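Report on one structure; see the data block that follows.
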Amino acid sequence: MSDAAKTLFGVHAAALGLRAERLNLISANLANADTPGYKAQDLDFASALRAATGQGGPVTLKVTAKAHVGGAPATSASARVFRTPSQPSLDGNTVDAQMEHAAFARAALEYRASLSFFDSRVRSLLTAITGQ
């Protein structure tokens with residue numbers, strides 16, 4: 001995210017992208033509800049947002065040789081977590097369809113809220129530009 005976008009839209013630009021990514025993960029869980037061995041995933045939104053905005057993330061070390069371990073800052077991919085199944089299935093699938101539907105509904109609502117914040121910021125900028 002550019003510095004101009006950070007200044008103009010604050011955290012909402014990063015939040016909107018992360019919320020869309022979370023919706024994609026949950027919809028993939030629902031699509032694979034009958035796939036043997038599929039492990040349901042989710043996004044730890046708070047840590048992914050900290051990584052995206054560069055706030056309060058973990059301290060990282062500078063890698064100076066190929067043999068060094070770590071050093072890379074957290075990304076949204078590193079904020080992905082596997083869901084713990086409430087009822088284990090015999091085929092190893094960890095998707096609970098009812099829980100995923102509820103999570104999708106909540107994630108869609110949160111996405112819409114982020115979109116509303118983003119939209120209101122764009123409208124206020126347009127008002128400032130046009131002077132109306």
Side-chain angles (χ1 to χ4, degrees):
M1 180 173 20
S2 70
D3 289 337
K6 285 181 186 177
T7 303
L8 290 175
F9 301 109
V11 72
H12 301 297
L16 194 61
L18 291 171
R19 292 199 188 283
E21 184 178 343
R22 182 163 187 249
L23 282 168
N24 286 334
L25 284 174
I26 295 171
S27 62
N29 292 345
L30 287 167
N32 288 293
D34 294 327
T35 304
Y38 183 81
K39 306 297 182 206
Q41 297 182 50
D42 201 354
L43 185 70
D44 181 2
F45 183 78
S47 65
L49 187 61
R50 278 193 304 271
T53 58
Q55 298 174 354
V59 176
T60 58
L61 301 174
K62 182 177 179 182
V63 177
T64 57
K66 289 182 183 179
H68 288 170
V69 176
T75 63
S76 63
S78 66
R80 288 184 183 181
V81 294
F82 289 100
R83 291 195 195 269
T84 305
S86 56
Q87 287 185 328
S89 67
L90 295 175
D91 66 358
N93 188 308
T94 62
V95 177
D96 179 355
Q98 291 179 342
M99 189 171 89
E100 297 298 331
H101 282 288
F104 189 86
R106 181 181 175 139
L109 182 66
E110 291 169 344
Y111 180 84
R112 181 67 185 129
S114 289
L115 190 60
S116 293
F117 287 124
F118 196 81
D119 182 55
S120 69
R121 182 65 180 150
V122 169
R123 289 184 187 277
S124 66
L125 288 171
L126 285 174
T127 302
I129 291 169
T130 60
Q132 295 179 354

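Not measured: the values here are computed from a predicted model. In this chain, numbering begins with 1 at the start of the sequence shown.
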Distance-only side-chain donor-acceptor flag, Y38 / N29, under 3.5 Å: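 Checked: Y38/N29 side chains pair up, N/O donor to acceptor below 3.5 Å.
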Polar side-chain atom of N93 near backbone of T35 as donor-acceptor pair, under 3.5 Å: yes
ILVMFWY cluster, [X] and [Y] together (side-chain gap under 4.5 Å):
{"X": "L16", "Y": "F104", "value": "yes"}
{"X": "L126", "Y": "F118", "value": "yes"}
{"X": "L49", "Y": "L25", "value": "yes"}
{"X": "L18", "Y": "V11", "value": "yes"}

Please report the shortest heavy-atom distance between [X] and [Y], naming the atom on each side.
{"X": "R22", "Y": "A107", "answer": "NH1-CB, 3.6 Å"}
{"X": "A14", "Y": "T53", "answer": "CB-CG2, 4.2 Å"}
{"X": "L30", "Y": "A97", "answer": "CD2-O, 4.0 Å"}
{"X": "D91", "Y": "S89", "answer": "OD1-OG, 2.7 Å"}
{"X": "A40", "Y": "E100", "answer": "CB-OE2, 3.8 Å"}

Crowding at CZ, F45 (>12 non-hydrogen neighbours, <6.0 Å): yes
Side chain to side chain contact (heavy atoms under 4.5 Å, CB included) partner of I26, chosen from R83, H101, M99: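 The side chain to side chain contact (heavy atoms under 4.5 Å, CB included) with I26 is passed solely by R83 among R83, H101, M99.
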NE2-CG distance between H12 and D119, expressed to the nearest 0.5 angstrom: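 Rounded to the nearest 0.5 Å, the NE2-CG separation comes out at 12.0 Å.
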Interatomic spacing from CZ in R19 to CD in E110 - rounded to 0.5 Å: 4.5 Å
L23 and Y111: CA distance, side-chain angles, deciding distance, side chain to side chain contact (heavy atoms under 4.5 Å, CB included) verdict: CA-CA 8 Å; L23 282 168; Y111 180 84; 3.9 Å; yes
